[in-house]
Amino acid sequence: MTTTRTAPPSQGAAAQPAPPATAAPATVALDGVTKTFRTPDGEVRAVRGIDLRVAPGEVVAFLGPNGAGKTTTLDMVLGLTEPTTGAVRVLGRHPRHAVREGRTAAVLQTGGLLRDLTVGETVRLVASTYPSPVAVDDVLERTGLTPLAGRLVAKCSGGEQQRLRFALALLPDPELLVLDEPTAGMDVTARREFWRTMHAEAARGRTVVFATHYLEEADAFADRIVVAAAGRVVADGSTADIRSRASGRTVRADLPVPGREAALRALRAHPGAADVRVQGDRVSVRATDADAVARTLLVDLGGHDLEIATGSLDEAFVALTSGTVGAEEVR
């Protein structure tokens, strides 16, 4: 057995504590970010104060109605425009530096493709601009484009062109992928195939930030959802958290006939019950504290066949973003 001895601190000197472990820096950091555009009609405040952190390896969906500031925010993360006030850092540096180094890549809705080249020629051409790109054949295979390598870009469908943009984004092997409405215009089959491929890339440990109008995509794919409205973040959390905060949960149970009216009065007075309705033999309670309401139903009121349901993401989205004053989004 080997024994290691540490020398005691010199007399008169206090022992120094071990330095705390350093947390991994945020992949994306926005601090007090605003963006104002000048137009002939005056100023448009597209982003009105956003603070946001995205940790390494997170998959974050950025949701919001038209005019919420989503695209403007992502443009700042990509270094395509500068904030009016506040700071944006990507991988600890200015966003443009992260893009130049190939550590950030993007899949945008339109543009960036030469229609007279084939799919394979396009990927090889863009790969030649990077010092150490991922192998072209590997990228084509991972994005399902190998069978289309000889097809002209002009002959590709909208979904196939989006997959091509995705392939180009993978060439520098980025740490951060930014996707702005990546499946806009795709049919259901193409959208399903695109997200199947994205699941595989996220499993490799990439950080992914994507904006979408399809709430089911956020529900199925994201670890975390950030909801924006009128240039501000109005909610930030897991899908379950967003649903619960926006619309609460609904607790349903059967109540025994004897004493039912007294039980309903007790439920309506319960601090965790926002709304109580009777549907046949069942009572339905929209609850701000579902656990407390469920406990009361089962323990105090003799309820049985209890069910707890979470509101839909669509309902949560409407509840969180309704009533906000939109700012025109400038692209």
Side-chain angles (χ1 to χ4, degrees), residues 27-28 54-62 74 77-78 90-91 98-212 214 216-223:
T27 299
V28 177
V54 178
E58 272 195 302
V59 179
V60 178
F62 201 27
L74 294 185
V77 170
L78 292 170
V90 175
L91 296 161
V99 171
R100 288 194 191 106
E101 295 166 0
R103 300 179 69 187
T104 300
V107 180
L108 304 180
Q109 295 182 50
T110 58
L113 300 178
L114 299 175
R115 295 171 58 82
D116 294 332
L117 295 181
T118 67
V119 168
E121 289 169 342
T122 302
V123 177
R124 285 191 291 273
L125 174 64
V126 175
S128 69
T129 66
Y130 293 108
S132 301
V134 175
V136 168
D137 289 343
D138 182 30
V139 167
L140 291 172
E141 182 66 28
R142 280 156 55 187
T143 54
L145 291 174
T146 300
L148 306 179
R151 182 179 297 180
L152 286 175
V153 171
K155 299 295 184 180
C156 292
S157 68
E160 290 165 346
Q161 290 188 13
Q162 247 346 40
R163 274 196 282 156
L164 176 54
R165 293 185 182 96
F166 181 33
L168 301 181
L170 293 180
L171 284 170
D173 197 20
E175 297 169 53
L176 169 66
L177 271 174
V178 177
L179 317 174
D180 186 16
E181 303 288 353
T183 59
M186 289 187 187
D187 60 30
V188 173
T189 301
R191 284 167 55 196
R192 186 180 297 119
E193 178 62 22
F194 178 86
W195 286 115
R196 183 195 66 77
T197 306
M198 276 304 308
H199 272 289
E201 290 304 318
R204 294 171 178 259
R206 299 188 201 281
T207 305
V208 179
V209 177
F210 68 98
T212 181
Y214 298 109
E216 67 272 20
E217 290 184 347
D219 197 357
F221 184 64
D223 303 323

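- Between Trp195 and Tyr214, the gap from one ring centroid to the other reaches at least 6.0 Å.
- With a 4.5 Å cut-off on side-chain heavy atoms, Phe221 and Thr212 do not count as touching.
- Nearest approach of Ala105 to Pro172, heavy atoms of both residues: CB-CG, 4.5 Å.
- Across Arg142 and Thr197, no two heavy atoms sit closer than the pair O-CG2, 3.1 Å.
- At least one side-chain heavy atom of Val107 sits less than 4.5 Å from a side-chain heavy atom of Gln162.
- Contact check on Arg204 versus Glu201 returns a salt bridge, with a Lys/Arg side-chain nitrogen under 4.0 Å from an Asp/Glu carboxylate oxygen.
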task = Apply the test side chain to side chain contact (heavy atoms under 4.5 Å, CB included) to residues Val134 and Leu170: give CA-CA distance (whole Å), side-chain angles for both, the deciding distance (0.1 Å), then the verdict.
result = CA-CA 7 Å; Val134 175; Leu170 293 180; 6.0 Å; no
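- In this structure, Phe194 CZ and Thr189 OG1 are separated by 15.0 Å, a value rounded to the nearest 0.5 Å.
- Other residues, nucleotides and ligands contribute over 12 non-hydrogen atoms within 6.0 Å of the CD atom of Glu101.
- Between Ala222 and Val60 the shortest heavy-atom distance is CB-C, 4.5 Å.
- Formation of a donor-acceptor pair under 3.5 Å by the Asp223 side chain with backbone atoms of Val59 is found in this model.
- Without hydrogens or angle criteria, Glu141 side chain to Thr146 main chain gives no donor-acceptor distance under 3.5 Å.
- Between Arg191 and Glu216, the shortest heavy-atom distance links the atoms NH2-OE2, 2.6 Å.
- Rounding to the nearest 0.5 Å gives a distance of 10.0 Å between CD of Glu160 and CE of Met186.
- Looking only at side-chain heavy atoms (C-beta outward), Val139 and Leu145 stay at 4.5 Å or farther from each other.
- In summary, Arg124 and Asp137 do not engage in a salt bridge, as defined by a charged side-chain N under 4.0 Å from a carboxylate O.
- One finds no salt bridge joining Arg163 and Glu193 here, because no Lys/Arg side-chain nitrogen approaches an Asp/Glu carboxylate oxygen to under 4.0 Å.
- You'll find the side chain of Thr122 stays beyond 4.5 Å of the side chain of Leu114, heavy atoms only.
- Atom OG1 of residue Thr104 and atom CD of residue Glu175 lie 7.5 Å apart, to the nearest 0.5 angstrom.
- Interatomic distance, Leu171 CG to Thr129 OG1, rounded to the nearest 0.5 Å: 7.5 Å.
- Note: Leu177 CG to Phe166 CZ = 6.0 Å, rounded to the nearest 0.5 Å.
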message = Walk me through whether Val153 and Gln161 qualify under side chain to side chain contact (heavy atoms under 4.5 Å, CB included).
response = CA-CA 7 Å; Val153 171; Gln161 290 188 13; 4.2 Å; yes
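- At least one side-chain heavy atom of Leu168 sits under 4.5 Å from a side-chain heavy atom of Leu113.
- For the residue pair Val119 and Leu148, the shortest heavy atom distance occurs at CB-O, 3.3 Å.
- In this structure, the side chains of Arg192 and Asp187 stay at 4.5 Å or more apart for every pair of heavy atoms.
- Taking each heavy atom of Ala55 and Thr27 in turn, the nearest pair found is C-OG1, 3.8 Å.
- Side-chain contact between Val54 and Thr207 is present, with at least one heavy-atom pair separated by less than 4.5 Å.
- For the pair Met198 and Leu179, the minimum side-chain heavy-atom distance is below 4.5 Å.
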